[in-house]
Amino acid sequence: MPPAHRRPAPHEQVLGIATGYWLSQCLFVAAKLGVADVLAKGPQTPEAIAERVGAHAPYLQRVLRALAGSGVFAADARGRYRLTPLAQTLRSNRPGSLRDFVLMMVDDYNWNAWGALAHGVESGARPFDHVFGMPLFDYLKQQPQKERLFARSMASISGTENEAVARAYPFGNCTHLVDVGGAHGHLLATILRRRKRLRGILYDQPQVVAGAAKSGFVSARDVRGRCEVVGGSFFASVPPGADAYIMKYIIHDWDDAASLRILRHCRAAMAKGGRVLIIDHVIPAGNTPNWGKQLDINMLVLPGGKERTRAEFRALLADAGLRLTKIVPTACPLSIIEATAA
């Protein structure tokens, strides 16, 4: 690597981009083995870690060394490894944990689908469907363990996002909120906890909401009396009569045709004066680095959806009989796209 004071040459930068998957696989191994949990009580040698997690110590040491070079774990003069702020995010069952998200994103089905990106770009076909012969969410229905991990991973990345969303928007002006495709209810519970007079409905596929009570978000004592859990498909209908319908990481999963079906159901179901709230990335113009631009390719590869610009959201909402009224930035990379009846 070049000295810290020197900007990497173009060929060095491209080498880093081309080999990025090397590091993501190392991160996956550390997350899968639970290395961060083992180190939670203090530094340990690779041999001691390997014994605890059931790994081959020489290989594990090399993986940890590679990760330490990027700030994930750090070795001391005695060869022991310790946690760093980045490694703390790989610990289980704690605020800010991204372990489930890492395990999901580098899992075999994601990995294999990304390998077909070139096929998708050349043919216009969804890479995931090309590899597995079915859409992503149909595949997850047949793989309950992976579907549960998917739900947990969405909850894990939502820890800081949900608070940012709940703070950014005046949910106190709503009385009845439907979380469309809300998984286990992590966002809805966060909003209900801040707004004591608000009532909510968690709406998702029956096999998904079946795990909501066990997850503990909407079943928590301070929100469960104000939250109803309903199973169904947002492609068929959504619960009627609410004054707000919120969708986080939902519309970006789908192409325009499928997104319109969801939005039109919300438009038909909402009470007079109601609104639709889409929580997604809004892609900025220009060449500025933006994680949403990378996430957009993940949507291309997996479910076939997309991240959208302001103009694309405006056009999509108009086709659904809705009018984009404002886009509210949050303290996280997501924005709140508000729409009312046109």
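Both backbone and side-chain heavy atoms feed into the values below; hydrogens, waters and symmetry mates do not.
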Peer 1: Could you state whether Ile337 and Ile283 fall into the same hydrophobic cluster, counting links through intermediate Ile, Leu, Val, Met, Phe, Trp or Tyr residues with side-chain heavy atoms under 4.5 angstrom apart?
Peer 2: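 No.
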Peer 1: For the atom pair CG (Leu187) and CE (Met247), what is the distance rounded to the nearest 0.5 Å?
Peer 2: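 Rounded to the nearest 0.5 Å, the CG-CE separation comes out at 12.0 Å.
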Peer 1: A quick test of your reading: do over 12 heavy atoms of other residues, nucleotides or ligands sit less than 6.0 Å from CD of Glu51?
Peer 2: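 For Glu51, atom CD is not crowded (no more than 12 foreign heavy atoms under 6.0 Å).
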Peer 1: Pairing donors with acceptors under 3.5 angstrom, does anything connect the side chains of Glu307 and His281?
Peer 2: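 No, His281 and Glu307 have no side-chain donor paired with an acceptor closer than 3.5 Å.
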Peer 1: In Å and rounded to the nearest 0.5 Å, what is the CG to CG distance from Asp179 to Asp204?
Peer 2: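 One finds 8.5 Å between CG of Asp179 and CG of Asp204.
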Peer 1: Under 6.0 Å between ring centres: does that hold for Phe217 and His184?
Peer 2: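 They do not qualify: ring centres at least 6.0 Å apart.
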Peer 1: Run the ring-centre check on Trp254 versus Phe235 and record whether the distance is less than 6.0 Å.
Peer 2: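 Ring-ring flag for Trp254/Phe235: true, centres closer than 6.0 Å.
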Peer 1: Taking atom types as modelled, find out whether Gln88 and Arg91 have a side-chain donor-acceptor pair closer than 3.5 angstrom.
Peer 2: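 Yes, Arg91 and Gln88 have a side-chain donor paired with an acceptor closer than 3.5 Å.
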Peer 1: Under the ring pair (Phe, Tyr, Trp, His ring centres under 6.0 Å) test, which residues partner Phe171, sequence neighbours left out?
Peer 2: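 Tyr169.
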Peer 1: Can you tell me which residue pairs pass the ring-ring contact (aromatic ring centres under 6.0 Å, His included) test with a partner in residues 57-89, sequence neighbours excluded?
Peer 2: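 Qualifying pairs, neighbours excluded: His56-Tyr59.
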Peer 1: For Trp111, is the CH2 atom crowded, meaning more than 12 foreign heavy atoms sit under 6.0 Å from it?
Peer 2: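 Correct, the count exceeds 12.
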Peer 1: Determine, using ring centers only, whether Tyr139 and Tyr109 are less than 6.0 Å apart.
Peer 2: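 Centroid distance Tyr109-Tyr139: below 6.0 Å, so yes.
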Peer 1: Give a yes or no on this: more than 12 heavy atoms of other residues, nucleotides or ligands lie within 6.0 Å of atom CG of Asn287.
Peer 2: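 For Asn287, atom CG is not crowded (no more than 12 foreign heavy atoms under 6.0 Å).
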Peer 1: Kindly determine whether Thr288 and Lys293 satisfy side-chain hydrogen bond (donor to acceptor under 3.5 Å, both in side chains), including the steps that lead there.
Peer 2: CA-CA 10 Å; Thr288 304; Lys293 297 176 182 179; 5.6 Å; no
Peer 1: Would you check if there is a donor-acceptor pair between the side chains of Arg99 and Ser92 at a distance under 3.5 Å?
Peer 2: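 Yes, side-chain donor-acceptor contact under 3.5 Å.
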Peer 1: Does either side chain, that of Glu161 or that of Tyr249, offer a donor lying less than 3.5 Å from an acceptor on the other one?
Peer 2: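 Yes - a donor-acceptor pair under 3.5 Å links their side chains.
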Peer 1: Hey, are Ser156 and Asp100 close enough side-chain-wise for a donor-acceptor pair under 3.5 Å?
Peer 2: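 Side chains of Asp100 and Ser156: no pair found under 3.5 Å.
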Peer 1: Counting only heavy atoms not in Asn93, do more than 12 sit closer than 6.0 Å to its CG atom?
Peer 2: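 Count not over threshold, so no.
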Peer 1: Would you mind reporting whether Leu23 and Ser70 have side-chain heavy atoms less than 4.5 Å apart?
Peer 2: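 Heavy-atom side-chain distance check passes, below 4.5 Å.
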Peer 1: Does any non-hydrogen side-chain atom of Gln61 lie less than 4.5 Å from one of Glu47?
Peer 2: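 They are not in side-chain contact.
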